[in-house]
Amino acid sequence: MKIGVFDSGYGGLTVLKEIVKILPQYDYVYLGDNARTPYGNRSFETVYKYTLEAVKYLFSVDCKLVILACNTASAKALRSIQQNDLPKIAPDKRVLGVIRPSVEVINKYSKSGLIGVLATSGTVASKSYVLEINKISPHYKVYQQACPMWVPLVENNEHDSDGADFFVKKCIDKLLSQDSEIDTVVLACTHYPLLLTKIKKYLPKHIKIISQGKIVAPSLKDYLFRHSEIENRLSKNGVCQFLTTDIPVLFDKKAKIFMGKTKINSAKQVFFD
Ligand code: DGL
């Protein structure tokens, strides 16, 4: 059986890339809901419906474990799927998100206890990061900033352009204007690692940046180590398969940007029932 990695579009490939780097032996199925992206400004009900459809699809193609690489899906759908749907549809399978592992590392980084979260409007509205960070320590103060233009910049391959500077600076200024003592910033969206160079340009040097791929990958490794009943069932041929709900040719082209130099096997288009 395989590991499924789901995202609303291409962004989750930044997470898959890091997972494959440290866990190359497993077989992966990446599913991008490119036909319906972005999720960032959609309602809870819609994100939940779309995410559940994707999870069911990944189960149907032999995934034992599905990672919701998408923050918006993790924020708006993960809990309902874990608590209400999984027991009914696939009690022996697992769905994991990216929020918990991303916040678990915060205490290693923050001294001031003042945390910034940069995310989509949907993730910000869900307050999932605030809740999860406060579960770890109620003393942390969390400041959120929605960055609605950042995903479109990346999706349109404009993340290295001069125009991107304006929107990156604007959101970072807004975040820091909430509290200038923020010392740790979570990049709570799959797309933001592609803007890292510009984010670093506008964030003061002493601020630590938590970029998810590098956190989620070791957390998955640890999870599999602790859950041998799942790990034992995983096939180990080192194959990545790519599925998209939109045009495969476009996916192949864009996926290279998100995965870096890694060779991409041609994507296949899928439709949900
Ligand atoms: N993948 C989404 C996330 O991490 C960003 C793109 C979208 O809005 O769908 O929140």
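We count residues from 1, following the sequence as given. Whatever order the structure lists them in is the order used to number ligands and atoms, beginning at 1. Side chains included, hydrogens not; waters and symmetry mates left out as well; all remaining heavy atoms used.
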Please report, to 0.1 Å, the donor-acceptor pairs under 3.5 Å made by any side chain of residues 167-176, with sequence neighbours excluded.
{"residue": "K169", "atom": "NZ", "partner": "D173", "partner atom": "OD2", "Å": "2.7"}

Give the table of side-chain donor-acceptor pairs shorter than 3.5 Å for residues 3-10, with sequence neighbours excluded, one pair per line with atom names and distance.
{"residue": "D7", "atom": "OD2", "partner": "G9", "partner atom": "N", "Å": "3.1"}
{"residue": "D7", "atom": "OD2", "partner": "G11", "partner atom": "N", "Å": "3.1"}
{"residue": "D7", "atom": "OD2", "partner": "G12", "partner atom": "N", "Å": "3.0"}

Quiz item: Excluding sequence neighbours, so at least two apart, what forms side-chain hydrogen bond (donor to acceptor under 3.5 Å, both in side chains) with S211?
Solution: none
Self-check item: Verify same cluster id: Y129, V47 (apolar side-chain graph, 4.5 Å)
Solution: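 No, Y129 does not connect to V47 through the hydrophobic network.
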Self-check item: Set of residues that line ligand 1, where lining means a heavy atom lies under 4.0 Å from it
Solution: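 Ligand 1 is contacted, at a heavy-atom distance under 4.0 Å, by D7, S8, T37, P38, Y39, G40, C70, N71, T72, T120, V151, C189, T190, H191.
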Quiz item: Is the closest basic N to carboxylate O distance between R36 and E53 below 4.0 Å?
Solution: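 Yes, R36 and E53 are salt-bridged.
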Quiz item: Hey, are E104 and R100 close enough for a salt bridge, meaning a charged N less than 4.0 Å from a carboxylate O?
Solution: yes
